[in-house]
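Just below is one structure, and these are the notes that go with it.
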Amino acid sequence: GDGGEPQPESSGKPRVALIMKSLANEFFINMAAGARAHQAEHADRYELIVNGIKNESDLAQQVALVEQMMASQVDVIVIAPADSQGLLPVARRAVEQGIVVVNIDNRFDEKALATMDLRIPFVGPDNREGAYRVGLALAETLEPGDEVAIIGGIPSAFNARQRAAGFRDAMAEAGIAVVTEQAADWEQAKAATVAAAILNENPALDALLCANDSMALGAVAAVRQAGRRGGVSVVGFDNISAARGLIAGGDMFATAEQYGHQLAVFGIEYALQVLEEGTDPADRKTPVDVITAAQL
Amino acid sequence: MLPRSDIRLPWNSLGLVVVLGLLVLLFSLQSDYFFTGATFRTLANQIPALTVIAVGMTYVLLVAGIDLSVGSVMALCAALMGVLMVDGGWPLPAALVAGLAAGLACGLTNGVISAHWRIPSFVVTLGMLEIARGGAYLVTDSQTRYLGAAVGAIGDPLPGLGLSPALLVALVVVAVAQFLLLRTVFGRYLVAIGTNEEAARLSGINTGRWKALVFAIAGLLAALGGVFQLGYLQSADPNAGIGLELSAIAAVVIGGTSLSGGRGSVVNSFLGVLIIAVMQTGLAQLGVSEPGKRIITGAVIIIAVLLDQYREPLAARLARR
Amino acid sequence: MLPRSDIRLPWNSLGLVVVLGLLVLLFSLQSDYFFTGATFRTLANQIPALTVIAVGMTYVLLVAGIDLSVGSVMALCAALMGVLMVDGGWPLPAALVAGLAAGLACGLTNGVISAHWRIPSFVVTLGMLEIARGGAYLVTDSQTRYLGAAVGAIGDPLPGLGLSPALLVALVVVAVAQFLLLRTVFGRYLVAIGTNEEAARLSGINTGRWKALVFAIAGLLAALGGVFQLGYLQSADPNAGIGLELSAIAAVVIGGTSLSGGRGSVVNSFLGVLIIAVMQTGLAQLGVSEPGKRIITGAVIIIAVLLDQYREPLAARLARR
Amino acid sequence: METLLSVRGLHKAFAAPVLRGIDFTVRRGEIHALMGSNGAGKSTLCNIIAGLLAADAGALTLGGRPHRPRSLREAEALGVRMVMQELNLFPTLSIAENLCFQRLGNGLGLLSRRRLAARAEKALARVGLAGLNPSLPVARLGVGQRQLLEIARALADEPALLILDEPTASLTDPQIHRLFGELRRLREAGAGIIYISHRMDEICQIADRVSVLRDGELVATAAAADLDSDRIVELMAGAPLERPARGASGRAGAPLLRVEGLGRDGAFADVSFTLHAGEVLGIAGLIGAGRTELLRAIFGADPADRGSLRLATDGFATARRFRRPADAMAAGIGLVVEDRRDQGLLLPLGIDRNISLASYRSLQGPLGLVKRSAETALAARYCDALAVRCAGTGQPVRELSGGNQQKVLIARWLARDFPVLLFDEPGRGVDASAKARIHHLIREAARAGRGVVVVSSENDELFAVSDRILALSRGRVAGDFDAATVTEEALLAACFRHHGREEQNRAATL
Ligand SMILES: Nc1ncnc2c1ncn2[C@@H]1O[C@H](COP(=O)(O)OP(=O)(O)OP(=O)(O)O)[C@@H](O)[C@H]1O
Ligand SMILES: Nc1ncnc2c1ncn2[C@@H]1O[C@H](COP(=O)(O)OP(=O)(O)OP(=O)(O)O)[C@@H](O)[C@H]1O
Ligand SMILES: [Mg+2]
Ligand SMILES: [Mg+2]
């Protein structure tokens, strides 16, 4: 603790707080489930509290969560930050309070970390590279000069920008034209509306690249409604179960698997390692794999 | 004697049709592909859910209530149907009944609590917004369910007609709701309750019961919206319909329905839905940037209602001729 | 003769304090770490923005208006300040003035349009919700600005006191706003306008001007909320405050302010803010699942207002002694 | 005659007792006047009979059976109909829908518009509104017409017991006449009628028996023939009333306000007159003559379309047309509105807050603080001057009786010293002695050099306060009379001047 607070009774086991971007999204749910399963197996090693914010972009609420966990005097915070810079001040305070902080999923801004003279180990995938590889897989089925459109997440979200950038990298490399890039705020219905409009406006469109699978589901609906099934490919990101069904059925071409199930577990193990051994683990990039019908 | 009041009814639709026409014209000038059958089919596929939800909202606003829970209730009902069909293996009709029943139950809960304890419906439905969303996460375990062709028949265009069953049902709902409002005792009671609830109560109307019924209808229509959404997207997403209450209220209010009750028209709400849908589709087709979309949408909402201010004097002047 | 109306004022706070006490008790029983200084310092850091925004909302609801744009306006103002400081190199005080001015301008626009053209404020502020959000995206180019220690002084606890300047300012705002409401002619006018706008107008009150002023105040306070948020997060996020209007209205309505105008209390709105904040903090400390959080939050909103129903008769009985 | 309604030992209390041991009967085929000063408990008694309130103690029987209705609807099923003191209409619904609200549909719940219109036309004809289009929304009617609508609604059901709580408060003589014809017809058919009014002349004309309430106690019941109005007033007040002399506040001074060719489309046209200091100008007219509209236009509540006002303050130099009440008030004009509940009072707020509403300029301390003791003192002064019956100056106005609410509204405007004061039906619902006080205050104001305009549908009231009376007919000035010499006949004839020949003839036969 930071002050002379009376320490409440505790079991003596380290208490780990897992702070997610959202617990209303399959990807993070998987992550949390993985963590819970791990904790159940190692119940003697640590206690686990899982929290997520209501709205994936609500930075303030996530900062509040970190503070609340600090107030609860947890020993470890494993966090998937909603913003790569906005969480840093509070993370630093947590570190100063003696809490072990591990960064998962969305990487803290390295420059900002450096200026703050802070070191927080990172475990997670590279969204941009993942999107790039999904884009390349798609590009193999297209030809230079073909037209595609990108449907992005909430415009200011870090991973939304990363994924869109990855898609753009791949398209540029393959010489495919991106005719429009629009945001659909990660939402299925919104993506359906946007995709339908894009399809109307671009009769020669060959593919829709969506920054997550929810939006890909919306795009698939729009393609079907426009009667262009087979003519327009759709790719997504996250590999949620519904997307797997679509890929199997040929409505979607590909998605990206980030092994979310293990992501939080890696983070927790890193933290426990710091606690128990006092070592300072290196960053660890977790794999991202492209899932197409061939992988299912 | 000419029934003059009919001409001056607040539900004349002149101003809205003008706004709609202007929007279509503008987008057609900007994009070669806007004024095409494809666009209008797209629109026709997108609006059924918002349409029926706006109908329910019109009724709720008419009795001076508000329903913030429609988006969550829609998601909950769609989620329930999705889970029952995918995980439970239920046939579509059975799941459909269960989904509609869930919507009805949510709406009835809203109505009974707010009417019986005289709590502002804003608060009750705000509570329900949270509760139903929680329910949607709970039943789906926060995972989207893909249903595929099993529900396709709802949203796919009927051969020969080019319109989906969802749209047809939505149009029927609009027509029936407008008829109920204008031509039945039920409709007059709603207007009376919205105008002067105390006087309505004194006239022997069981205002609480009618209001509860109205919220139940709104819940049922939210569930129906969920069915349409399910058919359209062929999947059940527990995060569906976030913020939908504001879109629905915007459509209804653009349609000239008063937020303080007693004045409203279902047909005009439908025109409000069309204005919103045309705007969304048009802006997306033009590929306007996100900030631009937001700013234009906001401005159009205000301008539509502003123009509407001039609708009544105009109609009155026409009527005086 | 006894001035009875003062005793029977709606702004007695008994029921709310009871609800708040119950929540604290419950969470303290469930978690060893809840009833600690650390938790309360955390709370104290989190509430300033919502508090001042709820104060503005109380005023708006008092004159029978509503302001849906507060979240967006807050984000726009914070974004503007962030951009001016980071990209423009402005010093904090100058950026602060610019941010507050932007909030005032948004609020004034809301007020003037809705008062002058007699458009429901629901619609105008819904439009502004979109426009200001678009503006926030525009000025930041949709990217969060990190400000660091430059703004830390706003949100960091003052040494010795343990409370941040933001909280102190927020408390002063609450006190001043309550005082204005109860003790000044301005407050009387707001209550009169909210109770019967036509009667107020016919008594020579320039209702349009006062209403515009109230919306301007709400805009200014939303901007102040943005300043606090900036200090708290040390960064300017164009996505901040999505859905904040509902939280603010929930807090105010839990505090017993009527949505139909004429009845409200700033202090009780503050208690409403505390109830919401305590609930969020408590649920997070217990690590309740997301569906659970939603369902409990919804239920508490409804129950708080339900208990509030029993507050007035109870207070009346106490006053009669 | 057979007893229709009997009330035994009725008690009712709100914060304080309001009815104390009332014994009261109504016979079949009688019109029973219920008299009492403001706040005596008349409306409360009727509300209990009509099922709106529950008694604390006591027994009621109707037609020999115990009568304990739990709602208005239940009482109505037993043949009781009440026209309440305040209007209870639905402005957004049509006249026909309002008139037939209880029976809107056919068996299937569908509106039968033709049947509604037919029934509405019949009901309207009974109260002399035959020309009105039944599909107009009620929002477009004036207060007088709405009052008639309420009466038509009650009459249409041929009730066994009809309660009229001040039905004539905003009606003019011809309508009252017609109403009395209908009441007599109903009486012949064997109905019992409870009639509440503060107009003594009406009581003498129509009532068979009179009961007088004072402070919640029934102090007398007697045949109307055995009482005269002085005696009734004495019973009501517990003391004899000095009758104010007719007319004349003194000498009219210099001109204060000139109205020149004022007009508002569809309401009134080409109205010109001059108001002098020290003068009370009465305005007479039939319902819908445009009197309310005229006052509202002068005050800027609904701006005029044509014409202008000139004020003495700038030597009649500028021609103005106020667009906002605030502007008119700044120029020294005040208006007491006709529709106190919807446009005048802040019902949930205290008496003090209501009286001070237009006077905060003088009740304002430094920093805009309200001088609360001054506010309370002001309220106490006027509660006293107008004998407002209340539990304290902080009591919510909602809880006051109708007449006392009216006094509070008048107090708001007397509390400030406007050079020009406009009163629209100031005596609406006020009892005789309070009316005398109000008239006294109006004349006092004039004597102090202010100019006062009084619109009233009650000729006695006009005669009692005015120096001069202007007649409006169909929105046009149809006569300017000296109040001391004009006869009722001449005034009535002027009011009908711009009506059709047929209506004028009908009026002549009244
Ligand atoms: N809801 C209420 N709460 C408290 N007091 C009330 C309430 N309703 C009526 N009263 C009181 O009861 C008394 C009788 O009121 P009532 O309306 O019966 O008078 P009234 O004889 O009809 O007077 P008026 O001639 O002015 O209409 C008044 O003093 C009034 O203030
Ligand atoms: N809001 C309105 N819209 C349209 N017409 C109206 C409105 N208010 C009044 N009128 C009409 O204007 C005319 C003048 O009404 P006004 O109320 O001035 O008459 P009045 O002489 O004061 O009679 P009273 O008040 O007793 O009804 C009437 O024909 C009335 O129907
Ligand atoms: Mg009365
Ligand atoms: Mg009038």
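Just so we're clear, the structure is a prediction, and the values are computed from it rather than from any experiment. The sequence lines fix the lettering, A, B, ..., with proteins before strands; numbering per chain opens at 1.
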Exercise. Tell me, for C:Ile303 versus chain B, whether the close heavy atoms (under 4.5 Å) come from the side chain, the backbone, both or neither.
Key: neither
Quiz prompt | Side chain / backbone / both / neither for C:Ile249 at chain B, heavy atoms under 4.5 Å | solution = side chain
Quiz item: Between C:Glu197 and C:Arg201, is there a salt bridge with N-O shorter than 4.0 Å?
Solution: no
Practice problem: Assess whether side chain to side chain donor-acceptor pair (under 3.5 Å) is satisfied between C:Asn110 and C:Ser69, documenting all intermediate values. | Solution: CA-CA 9 Å; C:Asn110 282 335; C:Ser69 68; 3.1 Å; yes
Quiz item: Hey, are C:Glu130 and C:Arg133 close enough for a salt bridge, meaning a charged N less than 4.0 Å from a carboxylate O?
Solution: no
Exercise. Please look at B:Leu259 and chain C and tell me whether the side chain, the backbone, both or neither of the residue comes under 4.5 angstrom of a heavy atom of that chain.
Key: side chain
Self-check item: Interchain contact, C:Leu138 with chain B, by part (heavy-atom threshold 4.5 Å)
Solution: both
Quiz item: Can you tell if the side chain of B:Phe27 reaches within under 4.5 Å of the side chain of B:Leu283, non-hydrogen atoms only?
Solution: yes
Quiz prompt | Interface moiety of C:Ile242 toward chain B, non-hydrogen atoms closer than 4.5 Å | solution = neither
Practice problem: Flag the pair C:Asp87 and C:Arg145 as a salt bridge only when some basic side-chain nitrogen lies within less than 4.0 angstrom of an acidic carboxylate oxygen. | Solution: yes
Practice problem: Check each atom of C:Val253 against the heavy atoms of chain B and say whether the ones under 4.5 Å are side chain, backbone, both or neither. | Solution: side chain
Exercise. Could you tell me which of B:Ile113, B:Ile301, B:Leu129, B:Ile296 has the largest number of non-hydrogen atom pairs under 4.5 Å with chain C?
Key: B:Ile301
